[in-house]
Amino acid sequence: MTELLHQHRQKICKSRSNFPRKNVRHARDAQSGAIMTYLTQKNGQVSLKEAAEYFGYQANYFSRLCRKLFATDFVHLRRNIRINLAEDQLLLTNKKLEEIADELCCQDLSSFSKAFAESTGFSPGKYRKKYGIKTSR
């Protein structure tokens, strides 16, 4: 069962996408896909300047581009990616909350829990209980 779950996780992993990596300057869908892939692979732990440089843009332009493509600013885009990755971890693994928070480079468990609850309406523990893997006893 664990091996099947691992294989399933690899198939649906957001960071294993085959979107183009760099040099995507046109085609809105490909551009947004490449940005999302890059940010997801970095677990949302990249600065605006680093992301802009990666794609060959000035930071101000890249910020406007993110707002245009995703209808949100870069900071909130990164936060949403982290929350989505946390949701995946809560649903598909039995990792401790501290581990998940650490992997997503949150300052501490309380700030992770607060941000997660603001975004989803549930604490991480309640989210896992409601939607996570059901174990038979």
Side-chain angles (χ1 to χ4, degrees):
M1 178 68 172
T2 304
E3 184 62 27
L4 289 173
L5 182 61
H6 179 67
Q7 290 173 358
H8 177 69
R9 174 74 176 134
Q10 286 180 332
K11 288 180 183 176
I12 65 168
C13 184
K14 294 174 185 171
S15 64
R16 298 189 196 286
S17 171
N18 290 324
F19 280 115
R21 301 284 183 237
K22 283 186 171 184
N23 300 328
V24 177
R25 294 185 176 268
H26 306 291
R28 188 177 185 150
D29 291 339
Q31 198 173 36
S32 60
I35 292 169
M36 287 300 287
T37 298
Y38 175 73
L39 295 177
T40 302
Q41 287 176 337
K42 298 286 187 178
N43 288 341
Q45 300 301 317
V46 63
S47 70
L48 175 63
K49 183 179 177 186
E50 291 168 332
E53 285 176 1
Y54 179 83
F55 288 100
Y57 296 125
Q58 295 294 322
N60 289 339
Y61 175 78
F62 189 72
S63 178
R64 288 191 310 274
L65 179 64
C66 286
R67 187 173 298 279
K68 180 179 175 183
L69 292 173
F70 304 107
T72 188
D73 62 20
F74 182 78
V75 171
H76 286 94
L77 179 62
R78 281 188 322 182
R79 181 176 180 236
N80 292 340
I81 288 169
R82 288 184 198 154
I83 296 299
N84 287 335
L85 291 171
E87 287 174 340
D88 290 347
Q89 293 291 316
L90 291 167
L91 295 177
L92 300 173
T93 71
N94 291 322
K95 291 181 182 178
K96 294 180 180 181
L97 298 179
E98 293 85 1
E99 275 184 86
I100 295 170
D102 188 50
E103 285 178 11
L104 297 174
C105 299
C106 293
Q107 295 170 349
D108 55 37
L109 183 58
S110 64
S111 63
F112 166 70
S113 295
K114 181 180 177 183
F116 190 88
E118 285 175 1
S119 181
T120 65
F122 295 99
S123 70
K126 288 182 181 178
Y127 186 88
R128 176 177 270 166
K129 283 181 185 175
K130 183 167 180 149
Y131 301 111
I133 299 171
K134 307 293 185 216
T135 57
S136 59
R137 292 182 187 204

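Residues: numbered from 1 along the sequence shown.
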Problem set entry | Geometric class of the Phe122/Tyr131 ring pair [parallel <30°, tilted 30-60°, perpendicular >60°] | perpendicular

Seminar exercise, completed: On a heavy-atom basis, the closest approach of Leu39 and Ala51 is CD2-CB, 4.4 Å

Problem set entry | Gap between atom CD1 of Ile81 and atom OH of Tyr38 - 0.5 Å precision | 11.0 Å

Exercise. Is there side-chain contact between His76 and Phe70, with at least one heavy-atom pair below 4.5 Å?
Worked result: no

For this session: Taking atom types as modelled, find out whether Asn60 and Ser63 have a side-chain donor-acceptor pair closer than 3.5 angstrom.
Result: no

Problem set entry | Whether Phe116 and Phe112 hold their rings parallel, tilted or perpendicular, with breakpoints at 30° and 60° | tilted

Exercise. Should the heavy atoms of other residues, nucleotides or ligands under 6.0 Å from CD of Glu99 be counted, would the total exceed 12?
Worked result: yes

For this session: Starting at CG of Asp108, measure out to OG of Ser113 and round the result to the nearest 0.5 Å.
Result: 8.5 Å

For this session: Please report the shortest heavy-atom distance between Arg128 and Ile100, naming the atom on each side.
Result: NH2-CD1, 3.7 Å

Seminar exercise, completed: Minimal heavy-atom distance between Gln45 and Leu104, with the atoms involved, is NE2-O, 2.7 Å

For this session: Please assess Leu90 against Leu97 for the test side chain to side chain contact (heavy atoms under 4.5 Å, CB included), listing each intermediate value before the final yes or no.
Result: CA-CA 8 Å; Leu90 291 167; Leu97 298 179; 3.4 Å; yes

Problem set entry | Salt-bridge contact Lys42-Glu50 (side-chain N to carboxylate O under 4.0 Å) | no

For this session: Go through the steps to decide whether Lys49 and Glu53 satisfy the test side chain to side chain contact (heavy atoms under 4.5 Å, CB included), and finish with yes or no.
Result: CA-CA 6 Å; Lys49 183 179 177 186; Glu53 285 176 1; 3.1 Å; yes

For this session: Show your working on side chain to side chain contact (heavy atoms under 4.5 Å, CB included) between Arg78 and Leu48 and close with a plain yes or no.
Result: CA-CA 10 Å; Arg78 281 188 322 182; Leu48 175 63; over 6 Å; no

Seminar exercise, completed: Separation between NZ (Lys95) and CG (Asp102), nearest 0.5 Å, reads 10.0 Å

For this session: Output the distance between atom OG1 (Thr72) and atom CZ (Arg79), rounded to the nearest 0.5 Å.
Result: 10.0 Å

Exercise. For Ala52, does its backbone N or O pair with a side-chain atom of Gln58 as donor and acceptor, under 3.5 Å?
Worked result: no

Seminar exercise, completed: CZ (Arg82) and CD (Gln89) are apart, to the nearest 0.5 Å, by 14.5 Å

For this session: Give, for atom CD1 of Ile35 and atom CG of Leu77, the distance between the pair rounded to the nearest 0.5 Å.
Result: 8.0 Å

Exercise. Given the rule that I, L, V, M, F, W and Y join up when any side-chain heavy atoms are under 4.5 Å apart, are Phe55 and Val75 in one cluster?
Worked result: no

